[in-house]
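Here the structure is laid out as C-alpha cells; the discussion comes afterwards.
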Amino acid sequence: MAQRRLDSTRKRKSFSISALGGIAAVVVLAVTAPGLAGSLSSADQQCLACHGTAGLEKPLPNGETLSLHIDGDTFAKSVHSVIGCASCHSDIDLNKHPTPNNSIASKRSFSIVRAKVCSACHSEEHKQWSHSVHAALVRDGNPVAPLCTSCHSPHAVIKGVAEAMDTVPCKTCHGAIFTAYAGSVHGALRSAGVTHAPLCFSCHGAHDVTVPTANRGMKDVCLGCHTDAVAAHQKWLPNTLLHFDVVSCPACHAPKAQRTVDLVLYNSTTHKDAARPVGVPEFENTAGSGATSPSGLDPVTLFNLLRALNRPGIANKTSIKGRLDVRTGVEAHELAPSNKAISDCSTCHRAGAQAFQSVTISVAGPGGIPIHYGVDKDVLSSVFSINSIGGFYAIGGTRITFLDVLLILGLLVGFGGPLLHLILRWTYRRHQSGSDHEQGKR
Ligand code: HEC
Ligand code: HEC
Ligand code: HEC
Ligand code: HEC
Ligand code: HEC
Ligand code: HEC
Ligand code: HEC
Ligand code: HEC
Ligand code: HEC
C-alpha cells in the first residue's frame, strides 16, 4: 500500500516536470516544427507543441499511466493527418486546456469513450463491429475485447497496415492461433507474398467477427474460395455434403489435431445455439456438477435434462446437434497441404475410433462463445440418446460396427454411394421409429 502511494507520487512528479517541458516547447515549436510534422496545420502544431514532448504523461487514480505523447512525424504520415487533431478532439478548447483536475478513471474507460468518435466518419465499419462477438464482449464488460483503437492506433493509421502478415492486429491478442496459422498452408503462402491466400480477416471478417462454431465452422467461407472442393471430394467421399455438415474441415485437414465430438444444445425453434440454461445445475456451476466429473454427464442425466428443458408448456424446444471437430481453436488453424489430409475412412468409421472417445456438450456463454462440458462417451451409443442425437447416427459402438460391415461390403463389391445411403437410411429409420415407440414420444 505504502509502496503504491510512493509510486504514484513519483509518477505525478515526473508528469509535472514533463508537462512543464512541454509548455516550454510551445515557444520553440510554434515557430517551426522540424521534420514531417512541419507540414501539419498550425492548429495541429499547436497541440503538438505540448503533446510532441516525449515523456508527457498523466498518472491515473488506478495506478496506470496514460501517455500523452503523440509523435508528430508519425501522425503526419498517417491517413488522418488530412483531418487534423480537432476533427477527433473537437471537445478540446485551448482556452481551458489542459484542465488540471480532469479525472480519467482508467485507460480502458478513456478508450471506450474516445473510440466513439470513429463512427462519425466510418459508420459502416462501426455498424459491423457493433454486431460482432468483440462488441458483445465489450458490452459485457470484458476488459480486453477490442475497440476500434485496439486494432487501429488513431494517431498512426497507415493504409494497408492492418492487412499485412507482420502487423495484422489480431495477433496481439490471439498469439497462439497466429503461430498455428503461420505454419499452415495458407500462412506459408501468405508469408511468401500470395495475397489471395487468406489471413485472419479473410475468413473471420475484420469488423463483423462472429463465433465460428455457431456458424457451422465457417464451411461456407471455405467453400466461397474453394469453389471446386465439393466436386473434388465427391470423387472419393460418399455423401460429401453430409460429411461437410457434420465433420468440420479442420477435422480432416489438420491431420495432427485431436478430434472430438461436440454436441451443441440447440434451440430448434429459433435455429440458434441455445444459451446456458438457467436453473439447471449441470450447467450452472462448473465445479462439482455432473458435467465436470471425470467421465462427464452420463446418458441418463442428459436424457432427463432434455426432458426437463422440453417439459410441456415450454415454447422453445431444445435439441442436440452433433459435430465432429478438432479439440482446440489453435488446432483448427493447423491446416496442412491436402496430400496430408485424412482420407482413411477407418479413422472415424471403426468401433472405438479415437475421434469418438472424447465428447463434449456446449452451450452459448458470454458473447455467444461456447462453453464446453464433458460428456460420457456412452451418450453416443446409448438408447437414451437416440431421440436427442438423431441426425448424427454413424457413431457409437453398435452402429459403427454395423456401418463397418456395410462399408466393407460396399467397397468390395463397388457399391455406389447412393445405394449405400439408402440402405443406411432405411435401417436407421426402422431403428429410430422402434425406439420412439418404446419411449412413447412423438
Ligand atoms: C499547453 C500545453 C498543451 C497544449 C497546447 C495542448 N495540450 Fe492536451 N494536454 C496537456 C496536458 C498537460 C494534459 C494532461 C491534463 C490532465 O491532467 O488531464 C493534456 C491532456 C490531453 C488529452 C487527454 C485528456 C483529455 O482531456 O481528454 C487530450 C486528448 C489532449 N490533451 C489533446 C490535445 C489537443 C487535441 C490539443 C490541441 C487542440 C492539445 N491537447 C493541446 C497539455 C497541452
Ligand atoms: C482519427 C481521430 C483522431 C485524430 C485525428 C487525433 N486523435 Fe488523439 N485520440 C483519438 C482517440 C480515439 C484517442 C483515445 C485513444 C485510446 O484509446 O487510448 C486519442 C487520444 C489522444 C491523447 C491521449 C493519449 C493517448 O494516446 O491515448 C492525446 C494527447 C491526443 N489524442 C492528442 C492528439 C493530437 C495532438 C492530435 C493531432 C496531432 C490527435 N490526437 C489526433 C483520436 C484522434
Ligand atoms: C473526421 C473524419 C474521420 C474520423 C472521425 C476518423 N477517420 Fe479514419 N479516415 C478518415 C479519412 C478521410 C481517411 C482516409 C480515407 C482514404 O484515404 O481513403 C480515413 C481512413 C481510415 C482508415 C483506413 C486505412 C486504410 O487501410 O485504408 C482506418 C483504419 C481508419 N480511418 C480508422 C479510424 C479510426 C480507428 C478512427 C477513430 C479513432 C477514425 N478512423 C476516425 C476520416 C476519419
Ligand atoms: C479486431 C480488430 C479490428 C477492430 C476492433 C476494428 N478494425 Fe477496422 N480493420 C481491421 C482490419 C484487420 C482491417 C483490414 C482488413 C479489411 O480491410 O477487411 C480493417 C480495416 C478498416 C478500415 C479500412 C477500410 C476497410 O473496411 O477496409 C477502416 C476505415 C476501419 N477498419 C475502421 C474501423 C473502425 C471505425 C472500427 C471501430 C468501429 C474498427 N475499424 C475496428 C481490424 C479491426
Ligand atoms: C485487443 C484484443 C483482441 C484483438 C486485437 C482481437 N481479438 Fe478476437 N477476441 C478477443 C477476446 C478477449 C475474445 C474472447 C474470447 C477469448 O478470450 O479468446 C475474442 C474472441 C474472438 C473470436 C471468437 C472466439 C470463440 O471462441 O468463438 C474470434 C473468432 C476472434 N476473436 C477473432 C479475431 C480476429 C479475426 C481478430 C483480428 C481481425 C481479432 N479477433 C482481434 C480479443 C481480441
Ligand atoms: C482459412 C480460414 C481461417 C483463417 C485464415 C483463420 N481462421 Fe480462425 N478459425 C477458422 C475456423 C474454421 C475455426 C474453427 C471453427 C470450429 O471450431 O469449427 C476458427 C476459429 C477461430 C477462433 C475461435 C477459437 C476457439 O477457441 O474456438 C479464433 C479466436 C480465431 N479463429 C482467430 C483467428 C485469427 C486470430 C486468425 C489469424 C491469425 C485466424 N483465426 C485465421 C478459420 C480461419
Ligand atoms: C480467401 C480465399 C480462401 C479462403 C476463405 C480459404 N482458402 Fe484455402 N486456399 C486458398 C488459396 C489461394 C490456396 C492456395 C491455392 C490452392 O491450392 O487452391 C488455398 C489452399 C488450401 C489448401 C491446400 C490445397 C492443396 O492442394 O494442398 C487447403 C487444404 C485449404 N486451402 C483449405 C481451406 C479451408 C479448410 C478453409 C476454411 C477453413 C479455407 N481453405 C479457406 C484460399 C482460401
Ligand atoms: C473426411 C475428410 C475431409 C473433410 C471433411 C474435408 N476434406 Fe478436403 N480433402 C480431404 C482429402 C483426403 C483431400 C485430398 C484428396 C486428394 O488428394 O485427392 C482433400 C482435398 C481438399 C482440397 C484440395 C483439392 C481441390 O483441388 O479442391 C481442398 C481445397 C479441400 N480439401 C478443402 C476442404 C474444405 C473447404 C472442407 C470443408 C468444407 C473439406 N476439405 C473437408 C479430406 C477431407
Ligand atoms: C473424420 C471422420 C470421417 C471420415 C474420415 C469419414 N467419415 Fe463418413 N461419416 C463421418 C460422420 C461423423 C458421419 C455421420 C453422419 C451422420 O450420421 O449424420 C459419417 C457418415 C458416413 C456415411 C453415412 C451417410 C448416410 O447418410 O447414411 C457414409 C456412407 C460414410 N460416412 C462413408 C464414409 C467413407 C466411405 C469414408 C472414406 C472414404 C468416410 N466416410 C470417411 C465421419 C467420417
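Throughout, numbering of the chain's residues begins at 1 and tracks the sequence. When a ligand or atom number is given, it counts from 1 through the structure's own listing order.
In summary, the atoms of ligand 1 found under 4.0 Å from a heavy atom of Cys50, numbered by their order in the structure, are 1 (C), 2 (C), 3 (C), 4 (C), 5 (C), 42 (C), 43 (C). Within ligand 1, counting atoms from 1 as listed, the ones closer than 4.0 Å to a heavy atom of Leu68 are 13 (C), 14 (C), 23 (C). Residue Cys252 approaches ligand 9 through these ligand atoms, each under 4.0 Å from one of its heavy atoms: 1 (C). Listed by number with element, the atoms of ligand 9 under 4.0 angstrom from any heavy atom of Asp344 are 5 (C). Atoms of ligand 9 found under 4.0 Å from any heavy atom of Val246, numbered from 1 in the order shown, are 15 (C). Within the listing of ligand 1, atoms 15 (C), 16 (C), 17 (O), 18 (O) sit less than 4.0 angstrom from a heavy atom of Thr99. Residue Leu94 approaches ligand 1 through these ligand atoms, each under 4.0 Å from one of its heavy atoms: 41 (C). Each of the following atoms of ligand 1 lies closer than 4.0 Å to a heavy atom of Gln46: 5 (C). Counting the atoms of ligand 9 from 1 in the order shown, those under 4.0 Å from a heavy atom of Pro238 are 32 (C), 33 (C), 34 (C), 35 (C). The atoms of ligand 9 that sit less than 4.0 Å from any heavy atom of Trp236 are 38 (C). The ligand atoms of ligand 9 that sit less than 4.0 angstrom from a heavy atom of Leu324 are 1 (C), 2 (C). Near Gly329, with a cut-off below 4.0 Å to any heavy atom, the atoms of ligand 6 are 24 (C), 25 (C), 26 (O). Applying the 4.0 Å criterion to heavy atoms of Asp325 picks out, from ligand 6, the atoms 16 (C), 17 (O), 18 (O). Close contacts of ligand 6 with Cys170, meaning ligand atoms under 4.0 Å from a residue heavy atom, involve 35 (C). Which parts of ligand 9 touch Leu242 is read off a 4.0 Å heavy-atom cut-off, strictly below it: atoms 15 (C), 18 (O), 24 (C), 25 (C), 26 (O).
In summary, an N, O or S atom of His333 is located under 2.8 Å from atom 8 (Fe) of ligand 6. Contact annotation: Cys203 places no N, O or S atom under 2.8 Å from atom 8 (Fe) of ligand 6. The nearest N, O or S atom of Cys345 is not closer to atom 8 (Fe) of ligand 9 than 2.8 Å. None of the N, O or S atoms belonging to Cys348 lies under 2.8 Å away from atom 8 (Fe) of ligand 9.
Looking at His97 and atom 8 (Fe) of ligand 1 together, the shortest N, O or S contact belongs to NE2.
At a heavy-atom cutoff of 4.0 Å, ligand 6 is contacted by the side chain of Ala332 but not by its backbone. Of all the heavy atoms of Tyr181, the ones lying under 4.0 Å from any atom of ligand 6 belong exclusively to the side chain. When non-hydrogen atoms are compared, ligand 6 lies under 4.0 Å from neither the backbone nor the side chain of Ile369. Only side-chain heavy atoms of Arg323 come within less than 4.0 Å of ligand 6; its backbone N, CA, C and O stay farther off. When heavy-atom distances to ligand 1 are checked against a 4.0 Å cut-off, Leu66 has no atom that comes that close, whether in backbone or side chain.
Residue contacts with ligand 9: Thr347 is placed with no nitrogen or oxygen under 3.5 Å of a nitrogen or oxygen of the ligand (distance criterion only). Below 3.5 Å of separation, one finds an N or O of Arg114 facing an N or O of ligand 1. Residue-to-ligand polar distances place His243 within reach of ligand 9: an N/O pair is separated by less than 3.5 Å. Here's the thing with His186: none of its N/O atoms is less than 3.5 angstrom from an N/O atom of ligand 6. The shortest N/O to N/O separation between Asn102 and ligand 1 falls below 3.5 Å.
Side-chain contact check for Leu147 versus His134: every heavy-atom pair is 4.5 Å or farther apart.
More than 12 heavy-atom neighbours from other residues, nucleotides or ligands sit within 6.0 angstrom of NZ on Lys171.
Salt bridge absent: Arg323 and Asp245 never bring a charged side-chain N and a carboxylate O closer than 4.0 Å.
Checked against side-chain hydrogen bond (donor to acceptor under 3.5 Å, both in side chains), Asp93 has the following partners two or more places apart in sequence or in another chain: Asn95. A search for side chain to side chain contact (heavy atoms under 4.5 Å, CB included) contacts involving His243 returns Leu237, Asn239, Val247, His349, not counting sequence neighbours.
Within the set Gln45, Lys58, His89, the minimum heavy-atom distance to atom 17 (O) of ligand 1 is found for Lys58. Nearest-heavy-atom check against atom 34 (C) of ligand 1 across Ser87, Cys47, Ser103, Pro98 picks out Cys47.
Ring geometry, His152 versus His207: the interplanar angle falls from 30° to 60°, so the pair is classed tilted. The aromatic rings of His51 and His97 sit tilted relative to each other, their planes meeting at an angle between 30° and 60°.
In the model, Glu331 has a side-chain atom that pairs as donor or acceptor with a side-chain atom of Thr328 under 3.5 Å.
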